[in-house]
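To keep things clear, I will list the structure first and then write my remarks on it.
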Amino acid sequence: MAAAGLGTAAGQLVGSALDPAAAPLQAVGAAVIDLAPPGLKEWAVSTVGTADKPLLVATVLVVVVLLGAAAGLWAGRTAIAGDLIFAGLGLVGIAAAVSRPTAGPFGFLPSLVAAGVAVAALRWQLRWSSPDITGAPSRAGLDRRLLLTGGLGVLGAIATANLPGIRGSAPTASPIVLPRPRSTAPTFPTGLETTVTGISPLRTPVPDFYRVDTALFVPSLETAGWRLDVTGMVANPFSLTWDELLAMPLIERDITLTCVSNEIGGPYCGSTRWLGVRVADLLERAQPSPGAEQVLSTSVDGFTASTPLPVLRDGRDAMVAVAMDGQPLTREHGFPARLLTPGLYGYVGATKWLTQLKLTTFAADVAYWTARGWAQQAPVKTATRIDVPHGPIAAGATVVAGVAWATHRGVSRVQVQVDDGPWQDARLGPDVGLDYWRQWYLPWDAPSGQHRLSARAYDGSGVPQTAQVQGVLPDGATGYHVIDVQVG
Ligand SMILES: Nc1nc2c(c(=O)[nH]1)N[C@H]1C(S)=C(S)[C@@H](COP(=O)(O)O)O[C@H]1N2
Ligand SMILES: [Mo]
């Protein structure tokens with residue numbers, strides 16, 4: 001176990017110096033994410049949420065250490081067996097690192113070093129712990145092993161601390177000056193949160209904005225050297241530096257972003273003010289060829305999304321965003337630039353750490369989640385979330401309140417049902433436009449006892465909410481958010 005830990009620590013150190021994504025834990029963790037069946041991923045997202053990444057790394061580490069224990073036990077009988085286990089582990093790490101879409105030429109090195117160090121450490125331990133001529137284990141061997149285990153603790157700590165970006169490093173060194181938008185958003189109204197305690201604020205604070213992605217470590221890009229390539233089936237391919245992108249006309253828009261994996265009533269929906277360059281402007285300059293069907297956006301970490309071209313040309317404010325809530329994007333949300341497509345779920349229109357927009361066909365290029373069975377076309381479905389009450393409440397005058405969204409279609413009406421009573425129209429909060437969620441509330445004189453509250457919305461054309469998520473709902477389920485409340 002000590003040898004496995006030492007080897008891993010060495011690999012992590014080489015990786016952090018060379019290419020963090022190639023470090024053994026990151027590389028294997030990322031491969032597990034990409035290879036995991038979609039059902040497992042949904043389970044992870046819904047049960048452990050954003051903690052899924054540290055949990056995954058910890059699991060990989062535990063498996064490595066357990067295999068180290070097996071190596072130690074077998075090596076006691078046949079020394080070569082231990083070598084073989086560590087060599088096998090090293091090969092897994094190397095395979096994971098070099099098969100990344102963004103692998104560099106030295107991706108194999110961290111896991112190679114890890115396996116080498118582990119084999120050497122195991123051999124060294126075996127030498128000292130082999131029985132002496134009387135058959136008793138040598139004293140020196142035990143002391144050494146203790147020493148080694150102690151050393152492992154220290155190095156293990158370094159290695160774990162050395163997982164840059166699992167939580168995202170500090171923003172870029174050079175301060176970023178955001179140009180003023182050419183087209184500003186209307187004055188932002190005051191939300192219901194000033195009067196309704198517990199309702200989602202009309203604008204989501206950036207630290208509270210949900211994060212969903214496949215990136216085990218948050219890519220740490222800098223604006224210097226960053227480029228956005230617009231390429232593929234276009235008459236005029238081009239490439240923009242950060243300064244060139246910012247020199248284009250910027251739009252400022254209030255847009256709600258949500259994840260298809262959000263459970264009914266779940267947290268994976270956020271709303272804020274974005275600043276960016278219209279995708280339509282970029283397309284206009286590139287001049288897509290007649291056969292182009294989609295824009296395949298690529299992230300620096302290899303993630304891809306397919307956004308249907310007609311959607312990007314129908315006049316909506318799809319943008320390459322550079323700021324949210326008045327500040328440059330945080331690393332977690334795609335610094336320095338990301339795609340944002342109002343009305344589409346994140347996995348088909350919101351690529352973070354964006355580096356390329358490629359005009360292509362659906363047959364020629366299959367995006368990350370489409371390859372894993374998710375729909376190619378994914379407009380956001382109408383959804384409602386009850387934010388309050390949350391937990392038991394006292395009997396008497398109170399409110400039921402929350403948010404509803406039908407991105408790019410707007411929300412025209414929200415209704416609440418108490419137990420089996422009539423559906424009552426809730427009052428709607430301020431209107432921030434078709435692309436933004438709507439707060440709502442309904443005063444409620446809550447009688448003592450156990451009550452069931454249901455909420456549903458209608459989109460801007462009056463079409464009622466049906467299923468919200470993933471298509472598969474249990475029999476009889478409506479997709480409405482339903483909660484049970486204990487009153488009194
Ligand atoms: N590079 C990259 N971009 C990505 C993803 C990803 O896994 N990698 N996930 C997408 C999904 S599924 C969603 S819902 C949104 C979430 O954006 P947020 O984390 O800023 O809220 O990012 C999208 N962009
Ligand atoms: Mo998502």
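In this chain, residues are counted from 1 in sequence order. Just follow the structure's listing: the first ligand is 1, and inside any ligand the first atom is 1.
- The atoms of ligand 1 that sit less than 4.0 Å from any heavy atom of Asp213 are 5 (C), 6 (C), 7 (O), 8 (N), 9 (N).
- Distance from atom 3 (N) of ligand 1 to its nearest protein heavy atom, with residue and atom name: Lys352 N, 2.9 Å.
- From the protein, the heavy atom lying nearest to atom 21 (O) of ligand 1 is Tyr210 O, 2.7 Å.
- Leu250 places none of its side-chain heavy atoms less than 4.5 Å from the side chain of Arg182.
- Listed by number with element, the atoms of ligand 1 under 4.0 angstrom from any heavy atom of Asp301 are 1 (N).
- Between Tyr480 and Trp423, the distance from one ring center to the other falls under 6.0 angstrom.
- Residue, atom and distance of the protein heavy atom nearest to atom 9 (N) of ligand 1 are Val212 O, 3.4 Å.
- Close approach of ligand 1 to Phe209 is summarised as follows: ligand atoms under 4.0 Å from at least one heavy atom of the residue are 21 (O).
- Taking only non-hydrogen atoms, the option from Arg211, His333, Arg338 nearest to atom 17 (O) of ligand 1 is Arg338.
- Of all atoms in ligand 1, numbered sequentially from 1 with element shown, those under 4.0 Å from a heavy atom of Thr214 are 6 (C), 7 (O).
- Short contacts between ligand 1 and Cys259, defined as distances under 4.0 Å to a heavy atom of the residue, involve ligand atoms 14 (S).
- Counting only heavy atoms from C-beta outward, the side chains of Leu257 and Ser271 never approach each other to under 4.5 Å.
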Anything under 3.5 Å between a donor and an acceptor, one on a side chain of residues 95-111, the other on a protein residue two or more places apart or in another chain? List them.
{"from": "Ser99", "atom 1": "OG", "to": "Ala95", "atom 2": "O", "distance (Å)": "2.8"}
{"from": "Ser99", "atom 1": "OG", "to": "Ala96", "atom 2": "O", "distance (Å)": "3.3"}
{"from": "Arg100", "atom 1": "NE", "to": "Ala97", "atom 2": "O", "distance (Å)": "3.2"}
{"from": "Arg100", "atom 1": "NH1", "to": "Thr102", "atom 2": "OG1", "distance (Å)": "3.4"}
{"from": "Arg100", "atom 1": "NH2", "to": "Asp19", "atom 2": "OD2", "distance (Å)": "3.0"}

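- Interface atoms of ligand 1 facing Ser299, defined by a heavy-atom separation under 4.0 Å, are 1 (N).
- Heavy atoms from other residues, nucleotides or ligands lying under 6.0 Å from CZ of Arg372 number more than 12.
- At the shortest separation from atom 4 (C) of ligand 1 among protein heavy atoms lies Phe303 CE2, 3.6 Å.
- Arg331 and Val218 make their closest contact through O-CG1, 3.4 Å (heavy atoms, listed as atom of the first residue, atom of the second, distance).
- For the residue pair Gln415 / Arg456, a side-chain donor-acceptor distance below 3.5 Å is found, with atom types taken as modelled.
- Among Val277, Ile176, Leu275, the one residue that satisfies the side chain to side chain contact (heavy atoms under 4.5 Å, CB included) test with Val322 is Leu275.
- Contacts between Val260 and ligand 1, counted as non-hydrogen atom pairs separated by less than 4.0 Å, are absent for every part of the residue.
- In terms of protein heavy-atom proximity, atom 13 (C) of ligand 1 is closest to Gly346 CA, 3.7 Å.
- Side-chain polar atoms of Ser200 and Arg385 form a donor-acceptor pair below 3.5 angstrom.
- Ligand 1 has no atom lying under 4.0 Å from any heavy atom of Ala215.
- Close contacts between ligand 1 and Tyr347 involve ligand atoms 11 (C), 12 (S) [criterion: under 4.0 Å to a heavy atom].
- For atom 24 (N) of ligand 1, the closest non-hydrogen atom on the protein side is Ala350 O, 2.9 Å.
- Between Gln294 and the choices Thr360, Leu309, Val348, the side chain to side chain contact (heavy atoms under 4.5 Å, CB included) rule is met once, by Thr360.
- Considering only residues two or more places apart in sequence or on other chains, Asp325 meets the salt bridge (charged side-chain N to carboxylate O under 4.0 Å, His left out) condition with Arg203.
- At a heavy-atom cutoff of 4.0 Å, ligand 1 is contacted by the side chain of Trp353 but not by its backbone.
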